Each structure stands twice: as C-alpha cells, then as structure tokens.
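All remarks here apply to the structure that follows.
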Amino acid sequence: MSRNRPIQVTTAVLVYVILLFSLQIFLLVVAVEGFLEHDASLAWSATAISALLAAGSLLFYRHLQRG
Amino acid sequence: MSDTGHAPIWRRDFPYTSEGEERVTRREFARYLVAASVAVAGSGGIVSLWASLRSVNTGVEQEIVAIDQVPVGGSHLFQYPGPEDPAILIRPEAETVLGFGQKCTHLGCVVFWAAEDKLLECPCHEGVFDLSGEPVSGPPDRPLSRIDVEVRSGVVWALGIGSEA
C-alpha cells in the first residue's frame with residue numbers, strides 16, 4: 001500500500017516539515033535575542049513554541065511512516 | 001528501472017553503482033529534517049537554561065568622580081560594574097548626570113559622547129544612541145545598558161546596572 005502512496009503526499013509532508021523547521025530557526029534566533037537581553041522568559045517562550053513545532057514535525061513524519 | 005537505452009553516457013563509461021544509490025528518498029530527507037528540528041528545539045532549551053541560570057553582575061555601589069570634574073556638556077569614562085567593563089558618565093545639563101555601559105549593542109565597540117549633537121555615537125558602524133540610551137540610527141537595535149547614578153555630597157556614585165535604559 002505504501003509503495004502505491006502518491007508521491008505528492010510525501011512531498012506535501014516534506015514541505016510542511018521544511019516550513020516548521022524554518023520557523024524553528026527563527027525561534028532559535030528569538031531565544032538567543034532573549035539571552036542577549038537577559039530576558040529568560042522570552043527565551044523560554046520561544047523554546048516552548050519551537051518544541052511544539054518539533055513535535056508537529058515528528059507527528060508529520062510518523063504519519064508518513066504509517067502511510 | 002532497467003531502461004539502459006536512456007542511460008547517460010557517463011553511466012555507460014562508469015557503470016559502478018552502490019546499493020541504495022537511487023533511493024535518496026524524500027522520506028530519508030524528512031527523517032534528517034525531523035532530527036534537525038528536534039536538535040534546534042533542544043538548542044533553544046540550552047540557550048534558555050543558560051539565560052535562566054547565569055548570574056548577571058549588576059554591580060555594587062561605587063564612587064565614580066567628583067561632579068565638578070565633569071564639565072557641563074562633557075563626559076567622563078570609568079569602569080563599571082567590573083574593572084574591565086567600560087562605562088561612560090555624561091553630564092548634558094548642570095543638574096543631570098547619566099551613566100551608560102560604553103559597549104555598543106551592535107558589535108561591542110565603545111561609544112563616545114558627541115557633545116554638539118547630545119548623542120552617543122559608535123564610530124565602528126555609525127550607531128547612534130540618544131540620551132535615554134535608545135538606538136536612534138545605525139545598526140544597533142537594542143539600547144545601551146543603563147547605569148543608575150546619583151550625586152551625593154558633590155560626588156557621583158554608580159548604584160547598579162539599571163533594569164532598562
């Protein structure tokens with residue numbers, strides 16, 4: 001079944017993961033900015049959102065594996 | 001897949017293949033990307049933890065200079081909060097003294113007091129800060145660190161690093 005899975009699905013998931021990863025890079029920059037400004041709460045907020053995005057990427061990948 | 005009729009010339013000349021050569025799949029790429037995603041989130045966690053745990057030297061009360069040694073419209077350089085932290089005291093008006101960390105928030109060059117413009121200027125990349133320490137122009141986007149100062153019996157004292165400029 002997975003062999004017949006349309007390649008577009010894989011590509012779509014990949015695009016989502018790339019998008020989430022790009023956002024994570026931005027959030028890492030925000031966390032570093034918080035570090036430089038001695039604002040730990042900003043750094044933690046950015047990290048929390050980044051962790052959510054990482055979890056999202058993981059879910060997308062698991063969806064791909066199950067397919 | 002065994003369509004050798006359309007194989008490129010280089011493949012005929014160099015008919016060496018490795019197992020899985022043709023299968024650098026999107027799934028493989030997605031897996032590495034997800035691993036990188038988790039790594040980036042982990043890096044953010046380390047940065048945040050570091051930001052939370054590091055101690056910031058906010059300084060102790062310290063005598064800087066007698067107020068009459070700083071001319072009105074002039075400045076005085078000193079070190080605060082540590083002996084290797086350049087700082088600048090400015091006296092834009094007779095009754096006003098202001099203290100700032102002298103490191104530009106762009107790349108750490110020392111700023112100087114431009115008395116004629118009443119601005120703090122960084123010579124490296126032409127960053128400019130106003131009397132509240134806020135960036136006015138140039139590449140810096142964060143304010144200078146503010147040092148709380150007070151005049152006591154004709155002497156200027158540094159009280160500590162201000163919470164914000």
Side-chain angles (χ1 to χ4, degrees), chain A, chain B residues 1 22-59 81 85 100-101 103-108 127 129 133-135 139-148 160-165:
Chain A
M1 180 66 180
S2 64
R3 285 175 185 276
N4 297 329
R5 191 178 181 80
I7 201 166
Q8 287 87 346
V9 174
T10 312
T11 306
V13 168
L14 191 58
V15 167
Y16 274 121
V17 172
I18 289 172
L19 200 64
L20 296 183
F21 185 69
S22 306
L23 286 171
Q24 279 189 284
I25 296 293
F26 167 73
L27 288 167
L28 182 61
V29 172
V30 172
V32 171
E33 188 75 16
F35 174 81
L36 291 174
E37 291 190 12
H38 307 290
D39 189 350
S41 61
L42 176 65
W44 279 117
S45 305
T47 299
I49 299 170
S50 181
L52 282 176
L53 296 183
S57 295
L58 212 55
L59 284 176
F60 273 126
Y61 182 68
R62 284 177 62 86
H63 171 74
L64 199 63
Q65 293 295 90
R66 279 202 301 268
Chain B
M1 285 300 186
E22 310 277 340
R23 288 185 281 113
V24 182
T25 61
R26 289 169 174 79
R27 287 171 190 238
E28 284 276 329
F29 183 58
R31 178 159 31 119
Y32 292 130
L33 210 54
V34 168
S37 172
V38 172
V40 167
S43 304
I46 291 169
V47 169
S48 304
L49 201 61
W50 191 2
S52 296
L53 297 181
R54 72 174 171 169
S55 61
V56 178
N57 183 4
T58 56
D85 299 315
F100 297 99
K103 284 183 183 172
C104 177
T105 52
H106 177 222
L107 289 178
F129 302 85
E134 292 291 332
D141 57 3
R142 288 180 289 126
L144 292 172
S145 65
R146 179 75 178 264
I147 297 170
D148 293 331
I161 299 291
S163 56
E164 61 181 41

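Reminder, nothing fancy here: chain letters follow the sequence lines and each chain counts from 1. It should be emphasised that the depicted structure is a prediction, and the values quoted were computed from it without experimental measurement.
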Q.
Need one label for B:R31: side chain, backbone, both or neither, based on atoms under 4.5 Å from any heavy atom in chain A.
A. both
Q) What part of A:F35 is in contact with chain B, defined as an atom under 4.5 angstrom from a non-hydrogen atom: side chain, backbone, both or neither? A) both
**Q.** Part of A:L20 within contact of chain B (heavy atom distance under 4.5 Å)
**A.** neither
Q. Relative to chain B, which segment of A:I18 carries a heavy atom at a distance below 4.5 Å: side chain, backbone, both, or neither?
A. both
**Q.** Test log, rule side chain to side chain contact (heavy atoms under 4.5 Å, CB included), inputs B:V34 and A:V17
**A.** CA-CA 7 Å; B:V34 168; A:V17 172; 4.1 Å; yes
Q | Which portion of B:A39 sits near chain A, non-hydrogen atoms under 4.5 angstrom | A | neither
Q: Kindly compute the distance separating CD1 (B:I161) from NE2 (A:H38), expressed to the nearest 0.5 Å.
A: 8.5 Å
**Q.** Value rounded to 0.5 Å, distance of OG in B:S37 from CG in A:L23
**A.** 10.0 Å
Q. At their closest point, which heavy atom of A:W44 faces which heavy atom of B:S52, and how far apart are they?
A. NE1-OG, 2.6 Å
(Q) If I take atom OG1 from residue B:T105 and atom CD from residue A:E37, how far apart are they, to the nearest 0.5 angstrom? (A) 9.0 Å
Q. Taking every heavy-atom pair that is under 4.5 Å apart, which of A:L52, A:L36, A:L53 has the most such pairs with chain B?
A. A:L36
**Q.** Residue part contacting chain B, namely of A:L58, when any heavy atom lies under 4.5 Å
**A.** both
Q) In Å and rounded to the nearest 0.5 Å, what is the CG to CG distance from A:L14 to B:L33? A) 6.5 Å
Q | Expected output: side-chain A:T47 to main-chain B:G44 donor-acceptor under 3.5 Å | A | yes
